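Here's the structure we're looking at; comments come further down.
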Number of protein chains: 2
Amino acid sequence: MVKYCSDLTNRSSFIWKKHTLPPEPIAFRKISKRSQNQTVILKAAEKVFAEAGFAGATTQLIADVAGLPKANVHYYFKTKEELYRRVVYNIFDTWMEAASAFDTALGPKEALSRYIDTKMELARSHPYGSKVWAAEIMHGAPIIQDYLEGQLLDWSKDRGQHIERWIKNGEMDPIDPAHLLYLIWSTTQHYADFGHQIETLNGGQPYSDAQWKAAKRSVKTIILKGVGLTPD
Amino acid sequence: MVKYCSDLTNRSSFIWKKHTLPPEPIAFRKISKRSQNQTVILKAAEKVFAEAGFAGATTQLIADVAGLPKANVHYYFKTKEELYRRVVYNIFDTWMEAASAFDTALGPKEALSRYIDTKMELARSHPYGSKVWAAEIMHGAPIIQDYLEGQLLDWSKDRGQHIERWIKNGEMDPIDPAHLLYLIWSTTQHYADFGHQIETLNGGQPYSDAQWKAAKRSVKTIILKGVGLTPD
DNA sequence: ATATTTTTTGACTATATGGTCAAGTATTGT
DNA sequence: ACAATACTTGACCATATAGTCAAAAAATAT
């Protein structure tokens, strides 16, 4: 895929007076329009898929949230399924990128600690993505199955081997690596997927910065101690 | 609601030859037919809602899974939403019943240990219910919000106070009770909600009895050690 | 036996929604 | 300036589906 500029660049947020300012480079504008609209639509779609599920998400609602007419959404994404695919792929990419925080060059304590932190931050910053992912898996991973069997399996095996090495070296207590990973995944994602429940039990208030910090600390403390490491 | 007999009794599993066997008591049969069909429909609905989501679940599919014509489903449950409500209420009841396994009369080790065991067993025996619950919360708890603010909040507060007492008595390490509960909920439910992912990472094989046992053991080990208790 | 109530079921309807299209507008290339 | 390309959008259509209904069958009561 060719990329002329970052999707994050959003030059349309400026208001250009006609003919009073120099035109942008051609290639830039050409791509910008597409990628700009696609980004807006993808963001809206992620939210709507998360809150209504695939079947409950209507292209009309996605269009409304994106602030575009429905036909325009279909201009950029042929079908609702294609749009959904793109959303799911983006989430998977984000997650795999975060997975690199599990850096086995560091010791178990640092590696696990940083991985948990990263996952918690992702739960906070990408709650919609997390929910879409959860729903995708719960429905049998119709779209992402190949990736599960490929990249995710490889990553899990690799990290599992490092964990087993640490255990053999006496750097942490013996535990089945798979269950440790599941525990980390589930706990961190819970703060996104069940954010509504947590908010309700928090007196209807969303977590403050301090509460997020405390949550991260609590989760890290239990898990690290749980595998025989000493949290700071 | 009047109940003449348990829903679990299923006398239709026998094949009665016409006029060769004595008829069942009238009151029994009258209710039996209703509750029997309702039970079948509710079970089918739970599965379909879990696998397709509320919007994706069609009454036709629910009827097919239940082995009945669609109109018959609507005879027992006026609307799809009513059927969904009943499914969600049943799940909540099951969960609150399991919540009593968190018996604070026992010490922290036994209480937590049994609660985790019970939740793990529930994840294994009621995976569909768990998924429906997860989706309900992820979509903002449109149906179950009142129960979250009532029963679940009360239960959590109560158990939280007991945990704090244990901590004060030096029976376990200091930890915010809310995060401990979330960690237990998320981890145990993960084995239901993300069962598909776990199965994929398990070489496409569902967990055997031994694997479930090992999973329970691993989860209990990490959590108990994580709060300063010594697992067996 | 007969009346009454409950259950069954195919056929039907109203509506919502994914997707199309063609006509128009804006942008870009020469 | 002009042609070509890319984007926009209201109107439209085919289909799927929640829910209805009436007529019949079965079960139950008297």
Side-chain angles (χ1 to χ4, degrees), chain A residues 2 4 11-12 15-19 21-41 44-45 48-49 52-87, chain B residues 2 4-5 11-12 16-19 21-41 44-45 48-49 52-87:
Chain A
V2 182
Y4 291 88
R11 297 188 62 168
S12 78
I15 295 162
W16 303 91
K17 291 186 204 167
K18 272 186 184 174
H19 303 295
L21 288 167
E24 302 166 75
I26 288 163
F28 182 93
R29 282 175 64 183
K30 191 170 172 183
I31 277 301
S32 177
K33 197 70 176 278
R34 278 196 84 79
S35 96
Q36 201 174 290
N37 278 339
Q38 284 180 341
T39 303
V40 166
I41 293 167
V48 174
F49 283 134
F54 176 79
T58 64
T59 52
Q60 183 64 64
L61 183 53
I62 292 169
D64 290 348
V65 171
L68 296 168
K70 187 176 67 136
N72 210 339
V73 171
H74 275 98
Y75 174 73
Y76 286 107
F77 302 92
K78 267 283 178 287
T79 65
K80 185 165 95 161
E81 187 183 314
E82 188 194 317
L83 182 49
Y84 176 74
R85 296 187 107 90
R86 289 287 303 273
V87 169
Chain B
V2 183
Y4 291 89
C5 67
R11 298 188 61 168
S12 80
W16 303 90
K17 289 186 201 163
K18 271 187 183 174
H19 304 296
L21 288 169
E24 302 166 75
I26 288 162
F28 182 92
R29 283 173 64 182
K30 190 171 173 183
I31 276 300
S32 179
K33 196 68 175 281
R34 279 196 84 77
S35 98
Q36 201 175 288
N37 278 339
Q38 285 181 338
T39 302
V40 166
I41 294 168
V48 175
F49 282 133
F54 176 79
T58 64
T59 53
Q60 183 63 64
L61 183 53
I62 292 169
D64 290 348
V65 172
L68 295 168
K70 185 177 69 136
N72 209 341
V73 170
H74 276 99
Y75 173 72
Y76 286 107
F77 301 92
K78 267 283 179 287
T79 65
K80 186 166 94 161
E81 187 184 314
E82 188 193 316
L83 182 50
Y84 176 73
R85 296 186 107 89
R86 289 286 304 272
V87 169

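Note on naming: letters A, B, ... go to the chains in the order of the sequence lines (proteins, then strands), and numbering restarts at 1 for each one. Because only heavy atoms are used, hydrogens play no part in the values below, and waters and symmetry mates are left out as well, while side chains stay in. Since this is a predicted model, take the numbers as computed values, not measurements.
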Checklist entry - How would you label the contact of A:A55 with the nucleic acid (heavy atoms, under 4.0 Å): base, sugar-phosphate, or nothing? => result nothing
Donor-acceptor contacts, no H, no angles, side chain residues 57-65 of chain B, under 3.5 Å, sequence neighbours left out:
| residue | atom | partner | partner atom | Å |
| --- | --- | --- | --- | --- |
| B:T58 | OG1 | B:L61 | N | 3.0 |
| B:Q60 | NE2 | B:D64 | OD1 | 3.1 |

Given atom [atom1] of [X] and atom [atom2] of [N], what is their separation to the nearest angstrom?
X: B:Y84; N: D:dG19; atom1: OH; atom2: C1'; value: 20 Å
X: B:F77; N: C:dT7; atom1: CZ; atom2: P; value: 12 Å
X: A:Y76; N: D:dA6; atom1: OH; atom2: C1'; value: 8 Å
X: A:N72; N: D:dT8; atom1: CG; atom2: P; value: 4 Å
X: A:Q60; N: D:dC12; atom1: CD; atom2: P; value: 16 Å
X: B:K33; N: D:dT28; atom1: NZ; atom2: C1'; value: 12 Å

Protein N or O to nucleotides 19-21 of chain C N or O, pairs below 3.5 Å:
| residue | atom | partner | partner atom | Å |
| --- | --- | --- | --- | --- |
| C:dG19 | OP2 | A:K80 | N | 2.6 |
| C:dG19 | N7 | A:K70 | NZ | 2.9 |
| C:dG19 | O6 | A:K70 | NZ | 2.7 |

For [N] and [X] - does any side-chain N or O of the residue sit under 4.0 Å from the phosphate oxygens OP1/OP2?
X: A:R34; N: D:dA6; result: no
X: B:Y75; N: C:dT7; result: yes
X: A:N37; N: D:dT8; result: yes

Next on the checklist: Using the side-chain heavy atoms of A:T58, tell me which of these nucleotides is nearest: C:dT17, D:dT17, D:dC7.
Outcome noted: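 Looking only at heavy atoms from C-beta outward on A:T58, the closest nucleotide is C:dT17.
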Checklist entry - Which parts of residues 61-68 of chain B get close to DNA chain C, meaning a heavy atom less than 4.0 angstrom away? => result none
Next on the checklist: My understanding is that only residues two or more places apart in sequence, or in another chain, count here; which of them pass ring pair (Phe, Tyr, Trp, His ring centres under 6.0 Å) with A:Y84?
Outcome noted: A:F49, A:F54
Next on the checklist: Please give me the minimum heavy-atom distance between A:I41 and A:A66, naming the atom from each residue.
Outcome noted: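 Heavy atoms only, the tightest pair is CA-CB, 4.2 Å.
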For residues 68-76 of chain A, please give each side-chain donor-acceptor pair under 3.5 Å, one per line with the distance, not counting sequence neighbours.
| residue | atom | partner | partner atom | Å |
| --- | --- | --- | --- | --- |
| A:Y76 | OH | A:N37 | ND2 | 3.0 |

Checklist entry - What pairs with B:E81 under salt bridge (Lys or Arg N to Asp or Glu O under 4.0 Å), at least two apart in sequence or on another chain? => result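 Counting only residues at least two positions away or on another chain, B:E81 forms a salt bridge (Lys or Arg N to Asp or Glu O under 4.0 Å) with B:R85.
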Item to check | Straight-line distance of A:Q38 CD to A:Q36 CD, nearest 0.5 Å | outcome: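 That separation rounds to 11.0 Å.
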